[in-house]
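What you see is a predicted model, and the numbers here were worked out from it, not measured in a lab. Throughout, protein chains are lettered first and strands after them, A, B, ... in sequence-line order, and every chain is numbered starting at 1.
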Amino acid sequence: MTIIEIPEGWPADEDAALAVQQELRGRLVLGEEGPGVGEGNVTGVDVAYDDERDLVAAAAVVLDGRSLEVVEEATAVGRVSFPYVPGLLAFREVPTVLAALGRLSADPGLLVCDGYGIAHPRRFGLASHLGVLTDRPAIGVAKNPFTFTYEQPGASRGEFSPLVADGETVGRALRTRAGVKPVFVSVGHRVSLDRACALTLHLSPRFRLPETTRHADALCRRALRDALSTRTL
DNA sequence: GCGACAG
DNA sequence: ATCTTGTCGC
């Protein structure tokens, strides 16, 4: 199996990463409504790590936007390209995720990321970063509130409350399952917040997390396990 | 200065 | 993210 190399010129430290982030932030497109619910494909992306061996496995799983059936899967294994720094998560995941996406033959359609979009210290989280680099609509569905504040949304599925940063609404705490902790949705690129939430609900008919991220999560763990057993090191 | 902090 | 046993429940 080929191990994805870290790209030439990849930021080597936080200052360099911040500069790249600022530059890419200028290409962010907001104000577009985005794909309709049930329209086209939806692709979940996720990664799993083995810090011990400095490896990261990424998965991209394409689902049919209407039936949520799997259309295609792809994986890639790479070297960890950056330490985990809150606010710079994308620099840790992007090279391998792009490699996995590049191995798809189907149209990825909407990108559904495990993390945040513009709900971010500098309004440019993982979902925005991947959206801009691929120029595709993207949303972020995170499992934790990060540094943001929010009021508990109502207990019924579909209820939500604003996710706030510096007095500004940057996303929503959205209840995808009655009585279960909400997920945290934010716009990534070329999708409105209303649409991002409607899509998230459609993608989460049974469990708290969207089917896209559930599939991607299972696949990247599998890919990492396979990579570790297939090689001698 | 210290603590918190997506994955 | 990952380290980790059993256990309660659909």
Side-chain angles (χ1 to χ4, degrees), chain A residues 11 14 17-18 21 24-25 28 44-61 75-101 111-133 138-150 162-166 168-174 176-189 193 196 200 205-210 212-225 227-228:
Chain A
E14 294 189 26
L18 287 169
Q21 196 169 72
L24 292 177
R25 170 73 181 74
L28 184 60
V45 295
D46 194 16
V47 301
Y49 300 99
D50 184 293
D51 291 321
E52 187 76 6
R53 310 198 186 197
D54 203 44
L55 292 178
V56 51
V61 181
T75 63
V77 176
R79 234 75 225 198
V80 171
S81 53
F82 209 81
Y84 172 65
V85 178
L88 296 177
L89 176 64
F91 293 91
R92 189 168 167 75
E93 315 206 328
V94 156
T96 316
V97 168
L98 288 182
L101 286 171
L111 261 32
V112 181
C113 305
D114 208 344
Y116 282 106
I118 63 171
H120 178 274
R122 293 168 295 281
R123 305 293 179 270
F124 199 72
L126 175 63
S128 295
H129 201 123
L130 281 174
V132 164
L133 290 182
I139 66 174
V141 181
K143 298 182 288 297
N144 299 295
F146 199 15
T147 61
F148 311 116
T149 58
Y150 69 100
L163 194 60
V164 177
D166 313 312
E168 172 187 355
T169 292
V170 293
R172 287 177 188 163
L174 175 67
T176 51
R177 223 193 147 177
V180 174
K181 175 180 174 175
V183 294
F184 305 91
V185 179
S186 59
V187 165
H189 183 60
L193 182 55
T200 298
R206 184 168 157 82
F207 301 105
R208 177 168 87 114
L209 297 178
T212 37
T213 73
R214 288 168 45 78
H215 276 103
D217 179 72
L219 182 57
C220 68
R221 294 188 194 224
R222 205 178 314 147
L224 181 62
R225 176 174 57 65
L228 293 176

Contact letters for nucleotides 4-10 of chain C, in which S counts primed atoms plus P, OP1 and OP2 and B counts the base, heavy atoms under 4.0 Å
-------
Readout for nucleotides 2-7 of chain B: B = base within 4.0 Å of protein heavy atom, S = sugar-phosphate only, - = neither; 5' to 3' it is ---BBB
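Shortest non-hydrogen contact noted between Val185(A) and Leu193(A) is O-CD1, 4.1 Å. Heavy-atom minimum distance, Val132(A) versus Leu28(A): CG2-CA, 3.8 Å. Of all heavy-atom pairs between His215(A) and Val61(A), the closest is CB-CG1, 3.8 Å. When all heavy atoms of Ser81(A) and Phe91(A) are compared, the closest pair comes out as OG-O, 2.8 Å.
At least one donor-acceptor pair closer than 3.5 Å links the side chain of Ser128(A) to the backbone N or O of Gly188(A).
Nucleic acid contact for Arg221(A): sugar-phosphate only, since backbone atoms but no base atoms lie under 4.0 Å from a heavy atom of the residue.
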Fill in the dot-bracket string of DNA chain B, one character per base: . for unpaired, | for a pair to another strand, ( ) or [ ] for pairs within the strand, taking Watson-Crick or G-U pairs under 3.5 Å.
.......
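Glu93(A) and Tyr49(A) share a side-chain donor-acceptor pair at under 3.5 Å.
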When the side chains of residues 112-123 of chain A are checked against the rest of the protein, which donor-acceptor pairs come out under 3.5 Å, sequence neighbours left out?
unit_1, atom_1, unit_2, atom_2, d
Asp114(A), OD1, Lys143(A), NZ, 2.9
Asp114(A), OD2, Lys143(A), NZ, 3.3
Tyr116(A), OH, Asn144(A), O, 2.6
His120(A), ND1, Arg122(A), N, 2.9
His120(A), ND1, Arg123(A), N, 3.4
His120(A), ND1, Phe124(A), N, 3.2
His120(A), NE2, Gly87(A), O, 2.8
Arg122(A), NE, Gln21(A), OE1, 2.6
Arg122(A), NH2, Gln21(A), OE1, 3.0
Arg122(A), NH2, Gly87(A), O, 3.0
Arg123(A), NH1, His120(A), O, 2.5
Arg123(A), NH2, Asp166(A), OD2, 3.3
Arg123(A), NH2, Glu168(A), OE1, 3.2

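For the pair Asp54(A) CG and dA1(C) P, the computed distance is 19 Å after rounding to whole Å.
Residues passing the side chain to side chain contact (heavy atoms under 4.5 Å, CB included) test with Ala76(A), sequence neighbours excluded: Ile4(A), Thr96(A), Ala99(A), Ala100(A), Arg103(A). In this view, Val85(A) and Glu14(A), Phe82(A), Pro83(A), Leu88(A) satisfy the side chain to side chain contact (heavy atoms under 4.5 Å, CB included) rule, not counting sequence neighbours. Not counting sequence neighbours, the partners of Asp51(A) by the salt bridge (Lys or Arg N to Asp or Glu O under 4.0 Å) test are Arg92(A). Residues satisfying the side chain to side chain contact (heavy atoms under 4.5 Å, CB included) test with Ala59(A), not counting sequence neighbours, are Thr75(A), Leu219(A), Cys220(A). Contacts of Arg25(A) classified as side-chain hydrogen bond (donor to acceptor under 3.5 Å, both in side chains), with partners at least two apart in sequence or in another chain: none.
Every stem involving DNA chain C, taken as at least 3 paired positions in a row under the Watson-Crick or G-U wobble test at 3.5 Å, would be listed here, but there are none.
Judged by the 6.0 Å and 45° rule, Arg214(A) forms a cation-pi pair with Phe207(A).
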